[in-house]
Number of protein chains: 2
Amino acid sequence: MSDASTPSPKRSTYRHGDLRNALLDAGIALARQGGPDAVVLREATRQAGVVPNAAYRHFASREDLLLAVRAYALSQVAHAMEAELDRLDPSMDALCYARGSVRAIGTGYLRYAHAEPGLFKTAFSSHEQVESDHDPAKAGASGMNPFQLLSMALDRLAAAGGLPPERRLGAEYLAWSAVHGLALLVSEGPLHHLPEPLRQALGQRLLDMVEKGL
Amino acid sequence: MSDASTPSPKRSTYRHGDLRNALLDAGIALARQGGPDAVVLREATRQAGVVPNAAYRHFASREDLLLAVRAYALSQVAHAMEAELDRLDPSMDALCYARGSVRAIGTGYLRYAHAEPGLFKTAFSSHEQVESDHDPAKAGASGMNPFQLLSMALDRLAAAGGLPPERRLGAEYLAWSAVHGLALLVSEGPLHHLPEPLRQALGQRLLDMVEKGL
DNA sequence: TAGCTTATGTGTACCGTGTACACATTGGTG
DNA sequence: CACCAATGTGTACACGGTACACATAAGCTA
């Protein structure tokens with residue numbers, strides 16, 4: 001979290017040293033508890049111990065800072081997905097593995113939505129260009145964003161014969177839609193405080209539905 | 001839209017007559033184009049031709065106004081659902097009719113999300129108590145909110161044998177989740193500008209998925 | 001009908017947020 | 001060592017939500 005943690009109200013150096021990261025860290029912390037609306041530029045600068053306008057040397061606007069936070073959140077979602085993918089047994093036959101991949105993607109998504117509701121909401125508020133830009137270097141470990149990971153899993157499924165070619169087109173939107181809805185309910189909604197096993201079960205049923213229905 | 005439309009900067013009467021509704025109308029208009037964040041108290045009072053603080057005689061806070069707008073939006077969603085339900089042929093056998101009901105609910109939801117993205121987002125931002133309060137009089141024509149309509153359709157489906165009893169519990173969340181995700185993509189996201197037939201097709205595929213997977 | 005009460009709109013004021021613009025400070029480079 | 005570019009500061013403004021005191025009108029009551 002860089003050196004933004006130094007609680008000194010006025011640092012002595014004038015030069016901060018790493019303000020951009022300090023602001024980003026603060027923004028992430030704000031988003032974590034409170035979602036995108038909680039990412040307040042002035043509050044971030046306060047936490048970093050600088051004057052509000054200092055932020056403008058590193059971000060063009062509040063929106064720009066929020067975008068950086070979103071990029072971080074997206075990469076975290078991707079990480080969560082990859083963590084589930086890593087639990088798969090690679091020795092399975094191709095079809096099972098492909099199905100498991102799609103499930104893992106969904107499970108990671110749902111897990112993250114529940115574990116980090118604020119960041120999750122931040123990642124997907126304003127669904128604009130979820131798949132586009134933000135330089136590839138800082139995405140997930142594999143360099144892919146969540147949407148790309150899903151696409152890949154679906155490609156694998158199609159290749160293994162688990163998804164008829166005529167249904168491949170648009171399949172990411174179907175799968176994403178279905179899981180995203182539940183993720184929202186789980187992250188900010190009525191289902192967040194559901195007992196763990198029940199939530200888990202709902203997730204599994206939903207993934208069953210996707211698997212059968214794709 | 002009441003008499004809020006009179007463009008006179010200062011009305012002559014001092015008493016507005018129906019300020020509460022004028023503010024509500026303005027709030028609805030704002031939400032329609034811009035979603036919940038666009039519901040700005042001061043702007044609503046401007047459109048109504050009164051001073052900002054006048055709003056506080058009718059709404060406890062901005063949040064309170066937003067709540068009223070949300071209630072309206074929810075009732076509109078319910079209407080859209082009922083409109084689809086009305087298109088069903090009542091002479092079908094019970095199972096078909098029940099399945100058609102569930103589909104109709106989903107179709108109405110998706111239609112509304114596309115037709116009125118701003119109000120749709122307003123209706124379901126902050127998923128808190130979607131099913132609770134807001135006096136029954138001003139809900140849909142049947143007096144039911146979207147969630148209740150879905151519940152009813154699922155009850156019908158279960159009664160007709162189209163949904164095993166052990167799967168009835170939580171079924172509304174599964175169905176809602178799946179459709180809600182697509183509705184979001186369609187209302188604010190990458191899928192809003194999809195050509196009509198494609199969007200329609202995606203919706204149908206999703207509803208197929210729900211039907212099979214419930 | 002005069003006067004009181006209450007509902008409803010007005011004025012003024014304060015704080016928080018985003019952001020523009022000019023100025024200060026400092027590390028690095030010729 | 002002088003200068004420059006990068007980066008932080010100060011001041012200032014517009015906008016939004018909202019509290020508090022005040023004005024005005026609509027009705028009721030005497």
Side-chain angles (χ1 to χ4, degrees), chain A residues 2-27 29-31 33-70 122 125-126, chain B residues 2-27 29-31 33-70 122 125-126:
Chain A
S2 77
D3 59 346
S5 51
T6 60
S8 58
K10 291 291 178 189
R11 99 214 75 81
S12 54
T13 47
Y14 192 90
R15 287 312 218 251
H16 179 115
D18 195 15
L19 184 53
R20 179 176 163 108
N21 277 320
L23 291 173
L24 184 51
D25 287 347
L30 290 172
Q33 35 177 306
D37 291 348
V39 178
V40 172
L41 216 163
R42 282 175 111 106
E43 177 58 27
T45 61
R46 237 168 272 143
Q47 289 186 19
V50 294
V51 96
N53 280 344
Y56 288 90
R57 298 297 172 189
H58 304 276
F59 298 96
S61 64
R62 179 205 115 105
E63 197 54 36
D64 194 36
L65 169 59
L66 189 51
L67 218 79
V69 175
R70 196 196 316 294
T122 304
S125 69
S126 141
Chain B
S2 76
D3 59 344
S5 52
T6 60
S8 58
K10 291 292 177 188
R11 99 213 77 79
S12 54
T13 46
Y14 193 90
R15 284 318 216 246
H16 179 114
D18 194 15
L19 183 52
R20 182 182 160 102
N21 276 321
L23 290 173
L24 184 51
D25 286 348
L30 290 172
Q33 37 177 308
D37 291 349
V39 178
V40 171
L41 217 164
R42 282 176 112 108
E43 177 58 28
T45 61
R46 238 168 271 143
Q47 290 186 20
V50 294
V51 95
N53 280 344
Y56 288 90
R57 298 294 172 192
H58 303 275
F59 298 95
S61 64
R62 179 205 115 105
E63 198 54 35
D64 194 37
L65 169 59
L66 189 52
L67 218 80
V69 174
R70 195 195 316 294
T122 305
S125 69
S126 140

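Order of the sequence lines sets the chain letters (A, B, ...), proteins ahead of strands, with each chain counted from 1. Values below: all heavy atoms of this structure, side chains included; hydrogens, waters and symmetry mates excluded.
In terms of polar N and O atoms assigned as donor or acceptor, the side chain of N53(B) never comes within less than 3.5 Å of the base of dT8(C) in a complementary pairing.
L30(B) places its CG atom 11 Å from the P atom of dG16(D), with the value rounded to the nearest Å. With rounding to whole Å, F59(B) atom CZ is found 14 Å from dG17(D) atom P. Taking atom OH of Y56(A) as the reference point, atom C1' of dT11(D) lies 15 Å away to the nearest angstrom. Taking atom CG on N21(A) and atom P on dG8(D), their separation rounds to 12 Å, with Å as the unit. When the C1' atom of dG16(D) is taken as reference, atom CG of L23(B) falls 16 Å away, rounded to whole Å. In this entry the distance linking CZ of R62(A) with C1' of dG18(C) reads 9 Å, nearest Å. R46(B) has its CZ atom 12 Å from the C1' atom of dG17(D), to the nearest Å. To the nearest angstrom, P of dA7(C) lies 16 Å from CZ of R20(B).
The shortest side-chain heavy-atom distance between T45(B) and V51(B) does not fall under the 4.5 Å cut-off. No side-chain heavy atom of L19(A) sits less than 4.5 Å from a side-chain heavy atom of R57(A). Side-chain contact between F59(B) and L66(B) is absent, with no heavy atoms from C-beta onward closer than 4.5 Å.
Note that CG of D25(A) and CG of D18(A) are 8.0 Å apart. Values are rounded to the nearest 0.5 Å. In this structure, CG in L23(B) is found 12.5 Å from CZ in R46(B), a value given to the nearest 0.5 Å. If you take CD on E43(A) and CG on L30(A), they are separated by 5.5 Å, rounding to the nearest 0.5 Å.
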For nucleotides 2-7 of chain D, tabulate all protein N/O to nucleotide N/O atom pairs closer than 3.5 Å, reporting atom names and distance.
unit_1 : atom_1 : unit_2 : atom_2 : d
dA6(D) : N3     : R15(A) : NH2    : 2.7

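A heavy-atom distance below 4.0 Å to DNA chain D is reached by these residues of residues 37-45 of chain B, ordered by number: V40(B), L41(B), R42(B).
A donor-acceptor contact shorter than 3.5 Å links the side chain of S61(A) to the backbone of D64(A). No side-chain donor-acceptor contact under 3.5 Å links R70(A) to the backbone of L65(A).
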Mind running side chain to side chain contact (heavy atoms under 4.5 Å, CB included) on V69(A) and L24(A) for me, showing each step along the way?
CA-CA 7 Å; V69(A) 175; L24(A) 184 51; 4.0 Å; yes

